[in-house]
Amino acid sequence: MLEKNYTPKDFEEKIYTDWENSGDFKPDMRSDKDAFSIVIPPPNVTGVLHMGHALDNTLQDILIRYNRMQGKNVLWQVGTDHAGIATQMVVERNLAKEGISRHDLGREKFVETVWKWKEKSGGTITKQLRRLGASCDWDRERFTMDEGLSRAVRKIFVHLYKDGLIYKAKKLVNWDSKFMTAVSDLEVIQKETLGKMYYYKYPIENNPGEFIHIATTRPETMFGDTAVAVSDKNEKLKHLIGKNCIIPIINRVIPIIADDHADPEKGTGAVKITPAHDFNDFEVGRRHNLPLINILNPDATLNENTPYSGLSTLDARAKTIEELERLGFMEKIEDHPMVIPYGDRSGVIIEPLMTDQWFVDAPVLAKEAIRAVEQGEMEFVPKSYEKTYFEWMRNIQPWCISRQLWWGHQMPIWYGPDETIFCEENEEEAQAVADKHYGKRVELRRETDVLDTWFSSGLWAFSTLGWPDKSEYLEKFYPTSVLVTGFDIIFFWVARMMMMSMYMMKKVPFKKCYIHGLVRDEKGQKMSKSKGNTVDPMETIEKYGADALRFFMAAMETQGRDINLSDARIAGYRNFATKLWNAARFCEMNECKVVKNFDENKVTLGINKWIIAKAKQATQEVTRNLDAYRFSDAANAVYQFAWGAFCDWYIELSKPIFYGEDEAAKAETRAVAAWVLDRILIILHPFMPFITTELWNNLCTERDCKLIHAPWPKNEQIDEAASADIDWAIELISAIRSLRAEMNIPASAKLNIILKDAASCSQANVKALHKLICSLARLEKIECAETGFQITPDMAQQVFKECTILLPLKGVIDFAAERERLNKELDSLNRNIEGYTRKLSNASFVERAPAQVVEEERRRQAEAEEKRAKVEEALARIANF
RNA sequence: GGGUGUGUAGCUCAGGUGGUUAGAGCGCUACGUUGACAUCGUAGAGGUCACAAGUUCGAGUCUUGUCAUACCCACCA
């Protein structure tokens with residue numbers, strides 16, 4: 001027996017444990033069924049589940065469960081990401097509480113500490129994914145720093161290096177002074193800030209009293225200036241080109257050069273050039289062979305090349321300004337809105353810094369990745385995202401992959417005594433190659449840098465399936481079927497996976513890429529910890545159940561749009577679950593038991609034929625929409641059917657049978673109700689796996705299979721004609737209810753209704769469905785009027801299709817109100833008829849619109865006119881009262 | 001500066017290829033404890049589909065422009 005109340009907490013965890021322990025999430029490796037696979041976007045091992053994960057993983061689980069029920073061989077490959085900077089940060093923070101820095105521990109000990117932390121605390125998010133119902137194959141859980149995945153990293157690194165696609169270079173890179181590492185362009189975020197523009201002057205060498213005026217937002221960088229640039233098209237300043245000027249304070253002489261980087265229209269027209277600390281200036285410096293002067297230490301304090309060694313940039317700036325003012329070179333300071341680069345993790349200002357770093361030749365790798373999408377080997381859903389992808393890929397810059405961190409994949413690079421580079425998959429090989437190279441045993445030094453986290457994530461689609469080993473999983477499940485992820489990660493991850501996979505596997509990593517939006521707060525604001533508007537999905541699950549949260553995500557997911565979280569709406573889907581629970585209880589109470597091998601095509605009763613046709617229609621709608629990744633349409637189709645058709649109508653229609661005497665009808669209806677409820681559980685399962693499983697297990701104990709493996713119905717014939725009479729009755733009942741409500745007739749009053757002008761088929765319906773109509777419309781009886789029946793004025797009248805519903809009210813009728821009601825209807829009919837007539841009297845419409853459309857318009861016009869005549873008649877009848 | 005979305009009921013949003021009287025949930029109004037369910041039922045009110053022009057027999061849907069709004073990329077001495 002089902003409990004009276006729906007309490008998801010009672011069974012969600014129990015059901016999940018059973019699935020996991022029974023191996024229900026595992027693919028059958030001996031089967032030759034079609035494969036369907038998804039690799040999870042690996043959450044950071046430090047992560048806790050947020051609403052974005054809840055959305056992303058709900059969508060994946062819906063696809064996984066749907067395809068599993070479709071009979072495919074399904075693998076959802078799960079795992080976590082070591083998240084270099086993020087994890088190192090968390091562990092360092094923990095150490096700091098004990099007053100320890102990572103340097104106190106040393107590299108080896110520190111990495112050991114991180115591993116310990118990972119073993120102890122790294123499983124939070126995977127536990128949370130289980131609460132959400134994610135049906136991943138946990139036995140295959142991977143971690144980007146696993147032995148296997150690390151081997152994949154080394155192998156592909158060596159491959160790329162030997163192909164000349166990874167190289168070391170001294171370049172200006174984005175330097176994060178908090179973590180003291182290089183970061184990639186993508187890890188830098190630009191923030192609007194109100195800064196200051198400083199105008200000051202450099203004296204011209206050997207020309208006392210002559211100056212060149214410059215403007216900068218960062219005066220402290222002047223100690224790294226190696227030129228001042230002026231455009232040779234700048235009439236006012238070009239006479240200075242070729243002369244030298246003197247940097248104040250340090251009195252270093254630098255040339256004034258001609259370069260179009262200096263826009264005559266901007267600033268003062270003259271630009272100080274600091275090649276070691278500005279990406280544009282770096283290019284200018286290269287063009288003119290200017291020396292590079294580095295003025296910063298790795299922690300972004302000024303170095304000994306400046307007078308303010310040891311000061312932070314901001315303190316040095318203050319000093320510089322003070323000194324320029326004291327010496328009389330400062331001219332003015334203005335407020336200046338500007339954009340400043342910050343590290344996305346560290347939050348500190350990113351400094352361009354000259355360092356030795358390692359790069360992947362992304363422009364070369366991008367070529368194949370672009371081609372694969374151009375030729376449709378991988379498709380974005382929605383398609384419009386391929387524009388974003390192409391735009392970025394076609395303008396891609398070399399990817400800086402080296403990080404001066406301790407937590408991550410140490411690069412498989414060894415240096416010989418003369419700095420010769422040996423790149424091999426492991427130390428033994430490197431040693432062997434080096435020994436051979438030098439002709440003797442040499443001491444090697446390993447590169448200390450680790451790789452950007454996204455390097456290993458880029459291999460995720462094949463490294464998790466076993467590459468570089470020969471693996472039956474790789475054989476069966478690669479390329480994966482679809483990747484589901486947010487648009488914010490297209491560049492970080494999708495693009496890199498495409499590049500790495502096309503390079504190494506010569507095949508796309510996934511055939512489709514479904515991109516969804518962001519989960520925002522109730523007001524549409526981006527959720528963030530700093531704003532304090534985040535909602536913890538675990539609390540939502542606790543409050544409403546995982547099914548309600550999942551259904552919310554599915555129902556709100558429409559392509560190309562963000563989702564605003566709505567507590568009321570999630571509560572609404574919890575109510576939907578409650579409704580379903582109670583419908584199941586109704587079935588249970590009326591002994592609706594699943595009949596094995598029940599042939600739903602052999603039912604005889606109208607309502608049963610009707611609900612079976614509707615159930616099949618709903619199934620097809622869900623199928624069609626899931627196949628097209630239209631999650632909200634699919635979810636709404638189940639919702640409408642379960643609540644709108646099954647609960648609102650079928651259960652009500654079945655009551656006269658269950659409370660009646662016809663045992664044969666009862667037996668059939670019991671079987672059908674059970675069949676339909678079963679059908680609802682099947683098509684709802686991908687969205688609400690917990691409640692559907694709980695009901696499935698309760699309503700029948702002798703199942704052929706678990707719901708999670710229940711076959712998804714396909715290729716069903718729908719007998720639409722068979723249900724026309726019930727559709728008619730439903731419309732009639734609605735019309736009568738509407739009339740009752742408008743006449744303010746109490747629900748308890750049992751009425752007698754007369755149906756005038758009923759066509760023979762309507763008469764037949766009234767006769768056949770008499771009991772049912774009376775029960776649902778709360779009537780004593782309904783009968784069809786004989787020909788020549790006279791309507792008396794004390795009858796309320798409602799035109800319904802070809803007939804008129806007559807409701808005798810024995811003198812209590814309010815004629816004024818009745819006239820108003822009928823006139824309102826007349827107005828609306830007139831408006832419609834006017835529209836039809838206008839269209840049909842338009843010669844070109846009749847001529848050019850398809851015959852079908854014109855015909856349909858004619859039919860509507862005729863129908864409305866017939867109805868209008870009846871309403872007019874009705875009005876005439878009460879005209880004198 | 002380049003690009004991409006969005007603008008439909010009080011609120012949050014659906015409306016693949018143009019064709020009934022533009023839909024849903026929440027909220028609102030009235031009635032209701034009818035033998036699954038008040039986490040409910042029945043009925044109802046509520047919309048110039050941002051604006052303008054165009055294409056078309058016909059535009060919420062297609063084109064162009066305007067306004068509003070959100071985001072992405074690049075740059076800003």
Side-chain angles (χ1 to χ4, degrees), chain A residues 2 4-6 190 197-198 214-218 228-229 261-263 266-274 278-281 336-339 384-385 387-388 391-392 395 487-488 490-491 517-518 522-524 526 544 555-556 558-566 568-569 571-590 624-625 628 630 632-633 636 639-640 647-648 651-652 655 658-659 734 737-742 744-748 775-776 778 828-829 831-832 835-836 839 842-850 852-854 856-857 859-860 864:
Chain A
L2 290 168
K4 187 164 174 9
N5 293 313
Y6 162 64
Q190 309 288 341
M197 180 68 85
Y198 302 91
I214 55 155
T216 179
T217 54
R218 306 191 54 188
V228 170
H261 170 59
D263 182 343
K266 279 189 186 165
T268 61
V271 188
K272 65 192 257 327
I273 301 298
T274 323
D278 182 287
F279 289 100
N280 285 313
D281 292 4
H336 180 74
M338 52 198 275
V339 180
S384 56
Y385 280 105
K387 274 189 194 166
T388 314
E391 189 62 27
W392 193 72
N395 296 302
F487 68 89
D488 50 329
I490 292 179
F491 304 143
L518 232 56
E522 205 111 1
K523 295 179 207 113
K526 212 165 161 172
Y544 298 116
M556 297 304 288
T558 54
Q559 292 181 7
R561 205 169 178 134
D562 290 345
I563 291 177
N564 291 358
L565 208 60
S566 158
R569 207 153 177 147
Y573 292 124
R574 187 273 322 270
N575 295 354
F576 172 55
T578 306
K579 185 80 180 171
L580 187 70
W581 185 266
N582 283 307
R585 284 180 62 230
F586 174 84
C587 290
E588 194 179 49
M589 285 171 187
N590 289 286
R624 192 166 37 99
N625 286 309
R630 300 174 69 89
S632 77
D633 287 342
N636 286 327
Y639 183 95
Q640 296 298 345
C647 294
D648 286 351
I651 286 183
E652 296 308 319
K655 283 177 182 173
F658 287 139
Y659 306 144
S734 301
R737 283 175 177 170
S738 178
L739 184 61
R740 292 182 69 121
E742 282 181 66
N744 287 319
I745 296 164
S748 53
S775 159
L776 271 72
R778 305 193 66 72
S828 133
L829 280 168
R831 266 197 307 276
N832 292 343
Y836 301 139
K839 248 186 177 175
N842 180 343
S844 45
F845 169 71
V846 180
E847 207 176 292
R848 308 176 90 144
Q852 235 178 313
V853 174
V854 178
E856 178 62 17
E857 204 72 8
R859 197 193 56 74
R860 278 178 213 145

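These values consider heavy atoms only, across backbone and side chains, with no hydrogens, waters or symmetry-generated copies. Below, chains carry the letters A, B, ... as their sequence lines are ordered, and counting in each starts from 1.
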At under 4.0 Å between heavy atoms, what does [X] touch on the DNA or RNA strands: base, sugar-phosphate, or nothing?
X: Arg569(A); answer: base
X: Arg624(A); answer: base
X: Ala747(A); answer: nothing
X: Tyr659(A); answer: base
X: Ile651(A); answer: base
X: Met589(A); answer: sugar-phosphate
X: Cys647(A); answer: base
X: Ala262(A); answer: base
X: Asp648(A); answer: sugar-phosphate
X: Thr388(A); answer: nothing
X: Gly572(A); answer: nothing
X: Thr558(A); answer: sugar-phosphate
X: Pro746(A); answer: nothing
X: Thr217(A); answer: sugar-phosphate

Does a nitrogen or oxygen in the side chain of Lys579(A) sit under 4.0 Å from OP1 or OP2 of C37(B)?
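No, Lys579(A) has no side-chain N/O under 4.0 Å of OP1/OP2 on C37(B).
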Using a cut-off of strictly less than 4.0 Å, decide whether Arg848(A) has a side-chain nitrogen or oxygen near OP1 or OP2 of C57(B).
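Affirmative; the distance criterion is met.
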What integer number of Å spans the [atom1] atoms of [N] and [M]?
N: G27(B); M: U63(B); atom1: C1'; result: 38 Å
N: G3(B); M: A50(B); atom1: P; result: 24 Å
N: U8(B); M: G23(B); atom1: C1'; result: 10 Å

In whole angstrom, what separates Leu518(A)'s CG from U69(B)'s P?
20 Å
Quick one: do Glu856(A) and Arg860(A) make a salt bridge, cutoff under 4.0 Å?
yes
Testing U12(B), U21(B), A36(B) for proximity to the side chain of Phe586(A), the answer is A36(B)
Could you check, using the six-membered ring where one of them is a Trp, whether Tyr544(A) and Tyr573(A) have ring centers closer than 6.0 angstrom?
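Judged by ring-centre distance (under 6.0 Å), Tyr544(A) and Tyr573(A) do not meet the cut-off.
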Any N or O donor-acceptor pair under 3.5 Å from the base of U6(B) to the side chain of Arg561(A)?
no
Is a donor-acceptor contact shorter than 3.5 angstrom present between the side chain of Arg737(A) and the base of U42(B)?
no
Verify stack between Phe845(A) ring and G58(B) base, 5.5 Å, 30 degrees
no
Partner lookup for C49(B), please. Criteria are Watson-Crick or G-U wobble with both distances under 3.5 angstrom; report none if nothing qualifies.
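Partner of C49(B): none.
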